[in-house]
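Note that the structure is predicted; figures quoted are calculated from it, not measured. Just so it is clear: chains get the letters A, B, ... in the order the sequence lines come, proteins before strands, and each one is counted from 1.
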There are 2 protein chains.
Amino acid sequence: MNMTTAEENYLKAIYHLSEGGTKSVSTNDVAAEMKTKPASVSDMLRKLGDKEVIEYRKYYGVNITEEGKKRALQTIRKHRLWEVFLVDKLQFAWDEVHEVAEELEHIQSPLLIQRLDAYLNYPKFDPHGDPIPDEFGDVRARPRVALNEMEIDQTGQIVAVKDSSAAFLRYLDKVGAYIGARIKVLDKVEFDGSLEILVDQKKTLFMSKDVAANILVIQS
Amino acid sequence: MNMTTAEENYLKAIYHLSEGGTKSVSTNDVAAEMKTKPASVSDMLRKLGDKEVIEYRKYYGVNITEEGKKRALQTIRKHRLWEVFLVDKLQFAWDEVHEVAEELEHIQSPLLIQRLDAYLNYPKFDPHGDPIPDEFGDVRARPRVALNEMEIDQTGQIVAVKDSSAAFLRYLDKVGAYIGARIKVLDKVEFDGSLEILVDQKKTLFMSKDVAANILVIQS
DNA sequence: TATTTTATTTAGATATATCTAAATATATTT
DNA sequence: AAATATATTTAGATATATCTAAATAAAATA
């Protein structure tokens, strides 16, 4: 059963909106995520329901099925592998890759993805630190904490950001933080929750609690 | 002015059908090339005419415009660069790449193609020996050599004959060589200058130096 | 040149993906 | 529980890309 590009994109959005919670995803939420109108979403939900990648009850939103989850994860896998390719091989900046990967993820060729995976040396994370599902949809589990929740003297490695807007990624780049950077919390100001961070054993930088809350870290 | 995938594919087909000749390309020819019906072609020709990438006179076929040629060459450039990537980097066989490249060529990102070109070291030919247009649509002019002047292991494509007598053409046909055939020099006998040639990756044939001197090849 | 054949276009369908406006179902408030 | 507000669906458009069948133009033939 083949899916169109539009169907794949909707399914991916529904998968992301489902993550974490167990509640149904509403038509309005999907419309907001897809930057389209609820009427268009209703049409698409009926189609995705017919294909049994979601369970759709009119007026009560949708739940993604196991089959749907598997398919969404395949699309996400392709997206993230292409991002690694763009950054590692074609020298794209990590904030330039999303749009292009959004197109590349819809190329239909299992062989291509298999070969690309091997060529990139089976990466487990994309340039934003998000995990790359394997060909069965399994994702390596790795606990992540927000940087603002770490205590003084704790160390770790930046692995992802919550807000991956281009503006935020540019900011990180500018101050010398990046996905993969080793960090240590040198100080926390109790008054406003701002932090002093040591990056890669050399650069010190200050950041507000709001910024730190957007940065995800694996503790070491 | 953006073009849809379907429009790009039609334009590419029209470009290929125009190559060489100066005559108009007929609706039926385009339909055959696109494996679709003449009625669908008529609709598309009107659209491409409106966009001024072709000149369309009802019932008299189409001629591609300079703008159309430029655009077709950009699509061809992308297609061939992706083919090089698939073969050189992802170990695809040369006969497995076409379909995937057919999808990849429609990805819209000038930066991607620029970087890919650099990453592949600015290749001038694709894995089938076809030239890759540069970003301005220019194709490297390729000198033609007589087949007897090629060395062992060199590859190329038969593009012309010096002696075009019917007898010689019949001979070529009989042995399975033809204008357009991909060839590789497998061996050269020093004693009499005769050659062993691989045609289209499958057929081996022997020819005298005199015959080889009559065959013109573009090397790849 | 009139007739027949072939090529091409037009008319009218179908399917996808979207939209706006109107209708309707569910949720919230009084 | 009725009235109001919000969320969602349906109805009816538009645009793309295709198709078959019918109409028509051009080319070939008698």
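- Non-hydrogen atoms lying under 4.0 Å from DNA chain D are contributed by nothing in residues 68-75 of chain A.
- A search for side chain to side chain contact (heavy atoms under 4.5 Å, CB included) contacts involving Glu19(A) returns Tyr15(A), His16(A), not counting sequence neighbours.
- For Glu151(A), the salt bridge (Lys or Arg N to Asp or Glu O under 4.0 Å) test picks out no residue, with sequence neighbours left out.
- Under 4.0 angstrom from either OP1 or OP2 of dA17(C) there lies no side-chain N or O belonging to Thr36(A).
- In terms of position along DNA chain C, the nucleotide closest to Ala6(A) lies nearer the 5' end than the nucleotide closest to the other residue of the pair Lys37(A) and Ala6(A).
- Residues meeting the ring-ring contact (aromatic ring centres under 6.0 Å, His included) test with His98(A), sequence neighbours left out: His79(A).
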Side-chain donor/acceptor pairs under 3.5 Å, residues 37-49 of chain B, sequence neighbours excluded:
none

Task: Reading 5' to 3' through nucleotides 8-14 of chain D, protein heavy-atom contacts under 4.0 Å coded B for base, S for sugar-phosphate only, - for none - done: BBB----
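- Ranking dA17(C), dA17(D), dT18(D) by closeness to the Thr4(B) side chain, first place goes to dA17(D).
- Annotation: cation-pi pair Arg115(A)/Phe92(B) present, NZ/CZ under 6.0 Å from the ring centroid and within 45° of its normal.
- Atom CG of Asp50(B) and atom C1' of dA17(D) are 16 Å apart (whole Å).
- Between Met3(A) atom CE and dT16(C) atom P the separation is 13 Å, expressed in whole Å.
- Following rounding to the nearest Å, Asn9(A) (CG) and dA17(C) (P) show an atom-to-atom distance of 10 Å.
- dA15(C) atom P lies 15 Å from atom CD of Glu7(A), rounded to whole Å.
- With sequence neighbours left out, Tyr10(B) forms a ring-ring contact (aromatic ring centres under 6.0 Å, His included) with no residue at all.
- Here Glu52(A) pairs with nothing under the salt bridge (Lys or Arg N to Asp or Glu O under 4.0 Å) rule; sequence neighbours left out.
- In this structure Lys51(B) satisfies the salt bridge (Lys or Arg N to Asp or Glu O under 4.0 Å) test together with Glu7(B), sequence neighbours excluded.
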